[in-house]
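Notes follow once the structure below has been shown.
Reckoned from all heavy atoms, side chains included, excluding hydrogens, waters and symmetry mates. Counting from 1, the numbers follow the sequence of the chain as shown.
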Amino acid sequence: MVGESSTRVVVATGNTGKVRELAEALARLPFELVAQGALGIEAAPETACTFLENALGKARHAAAESGLPAIADDSGLVVPALGGVPGIHSARFAGAAATDADNNAKLLRELGTNMPCAAYFTCCLIYIASPADPAPIVATARWQGQIISSPRGSNGFGYDPHFLVPTLGKTSAQLPLAEKNRLSHRGQACRQLAALLAENGRTRARQR
């Protein structure tokens with residue numbers, strides 16, 4: 001919902017796929033989402049060892065640089081059979097400049113013949129009203145599935161073509177955006193965040 005009463009909120013990511021999914025999932029909130037890249041803000045370094053700490057660091061950086069409330073998420077793919085990797089390194093699994101294809105290729109090499117293999121996406125989504133907000137609103141969620149060797153679908157990004165949702169017999173990349181948001185880790189976290197913001201009152205969402 002964007003209108004005269006909307007609050008401009010910076011999204012701490014340069015990933016256009018994430019911004020698109022967040023905008024769809026949070027459409028009912030009185031927020032006008034703007035990507036940090038559109039404001040000339042560079043990405044914060046991700047040096048923490050948990051999704052929560054990384055998300056909070058990204059949110060505080062974006063809020064400080066923009067002067068706006070901020071939303072940040074840290075999310076990734078967790079494969080228990082590989083000890084939890086790619087985990088927080090999901091976006092750079094095959095190196096700092098890795099493409100989605102590079103990361104998927106490395107994942108398949110690591111798994112070898114151990115496919116389909118149980119895995120889950122996890123998301124930690126944070127809203128802060130200001131850089132020094134002492135009480136961030138935090139939502140977390142998981143999406144269970146399996147890794148398969150052959151990619152399917154052309155939607156989404158990242159590991160989506162290899163992430164099978166067994167109950168549907170489809171990969172994440174085969175799902176329309178609305179259906180993906182209904183099921184996914186990020187979609188679940190967005191609904192939690194919206195509910196938590198509502199519980200804390202609309203004045204918090206508009207706080208500068």
Side-chain angles (χ1 to χ4, degrees), residues 1-3 6-44 46 51 54-56 58-59 61-63 65-66 68-77 86 88 90-93 97-104 120-128 137-143 145 151-165 168 170-197 205:
M1 183 190 327
V2 177
S6 297
T7 297
R8 203 167 187 226
V9 179
V10 61
V11 181
T13 184
N15 187 318
T16 56
K18 281 188 180 183
V19 175
R20 189 165 55 249
E21 288 184 8
L22 286 169
E24 170 77 17
L26 296 175
R28 292 184 177 276
L29 288 179
F31 289 168
E32 177 189 351
L33 301 184
V34 55
Q36 66 180 10
L39 302 177
I41 301 171
E42 295 186 2
E46 297 182 34
F51 292 107
N54 275 333
L56 185 56
K58 289 190 284 188
H61 171 76
E65 291 293 313
S66 67
L68 298 172
I71 288 175
D73 95 305
D74 199 43
S75 55
L77 178 72
I88 59 169
S90 291
R92 53 193 186 278
F93 189 38
T99 64
D100 288 347
D102 295 333
N103 289 329
N104 279 304
Y120 62 87
F121 280 119
T122 188
C123 174
C124 179
L125 185 63
I126 288 179
Y127 171 89
I128 57 173
I137 294 180
V138 181
T140 61
R142 289 184 179 186
W143 190 18
R152 301 183 199 169
S154 57
N155 298 329
F157 57 92
Y159 301 94
D160 285 351
H162 291 276
F163 186 79
L164 179 72
V165 185
L168 299 178
K170 296 180 180 180
T171 68
S172 177
Q174 291 177 295
L175 302 178
L177 181 57
E179 186 174 9
K180 180 182 178 183
N181 276 338
R182 182 174 63 83
L183 300 171
S184 76
H185 54 308
R186 192 169 295 112
Q188 294 178 56
C190 283
R191 288 190 291 276
Q192 287 182 35
L193 184 70
L196 290 168
L197 281 166

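- Residue Ser66 comes nearest to Val10 through the heavy atom pair OG-CG1, 3.4 Å, listed as atom of the first residue, atom of the second, then distance.
- Using a 4.5 Å cut-off on side-chain heavy atoms (C-beta onward), Leu125 and Arg186 make no contact.
- To the nearest 0.5 Å, atom CZ of residue Phe51 and atom OG1 of residue Thr140 are 11.5 Å apart.
- Atoms NE2 and CD, on His185 and Gln188 in that order, are 9.0 Å from each other to the nearest 0.5 Å.
- When the side chain to side chain contact (heavy atoms under 4.5 Å, CB included) test is applied to Val19, the partners found at least two apart in sequence or on another chain are Val11, Thr13, Ala35.
- To the nearest 0.5 Å, the span separating CD1 on Ile137 from CD1 on Ile71 amounts to 9.5 Å.
- Annotation: the span from Tyr127 atom OH to Leu29 atom CG amounts to 9.5 Å, rounded to 0.5 Å.
- When all heavy atoms are compared, the tightest approach of Ala55 to Ile126 is CB-CD1, 3.8 Å.
- Separating the CG atom in Asp73 from the NZ atom in Lys58 is a distance of 5.5 Å, to the nearest 0.5 Å.
- Judged purely by atom type and a 3.5 angstrom limit, Glu24 has no side-chain atom pairing as donor or acceptor with the backbone of Ala178.
- Across all their heavy atoms, Ala59 and Ala70 have their closest contact at O-CB, 3.5 Å.
- Counting heavy atoms from C-beta on, the side chains of Glu46 and Ile88 never come closer than 4.5 Å.
- Using a distance-only test at 3.5 Å, with no hydrogens or angles considered, no donor-acceptor pair links the side chain of Asn155 to the main chain of Ser172.
- Inter-residue side-chain proximity for Leu168 and Glu179 is flagged as met; some heavy-atom pair is nearer than 4.5 Å.
- Side-chain atoms of Arg182 and Leu175, non-hydrogen and from C-beta on, never get closer than 4.5 Å to each other.
- Taking the six-membered ring for Trp, Tyr159 and Phe93 have ring centres at least 6.0 Å apart.
- A cation-pi geometry, defined here as NZ or CZ lying under 6.0 Å from the six-membered ring centre and within 45° of its normal, does not hold between Lys180 and Phe163.
- A distance of 6.0 Å separates CD1 of Ile41 from CD of Glu65, quoted to the nearest 0.5 Å.
- Pro30 is not listed as a side-chain neighbour of Thr7, based on a closest heavy-atom distance of 4.5 Å or more.
- In terms of heavy atoms, Cys124 sits closest to Val138 at SG-CG1, 3.9 Å.
- With sequence neighbours left out, Arg142 forms a side-chain hydrogen bond (donor to acceptor under 3.5 Å, both in side chains) with Tyr120.
- With Asp160 contributing its side chain and Phe157 its backbone, the two residues share a donor-acceptor pair below 3.5 Å.
- Listed by chain and residue number, Thr99 satisfy the side-chain hydrogen bond (donor to acceptor under 3.5 Å, both in side chains) test with Asp102 (two or more places apart in sequence, or in another chain).
- What you find for Leu22 and Cys190 is that their closest heavy atoms are CD2-SG, 3.4 Å.
- In this structure the side chain of Asn103 never reaches within 4.5 angstrom of the side chain of Ser90, judged on heavy atoms.
- When all heavy atoms are compared, the tightest approach of Ala12 to Ala72 is CB-CB, 3.7 Å.
- Considering only heavy atoms from C-beta on, Leu68 comes within 4.5 Å of Leu39 through its side chain.
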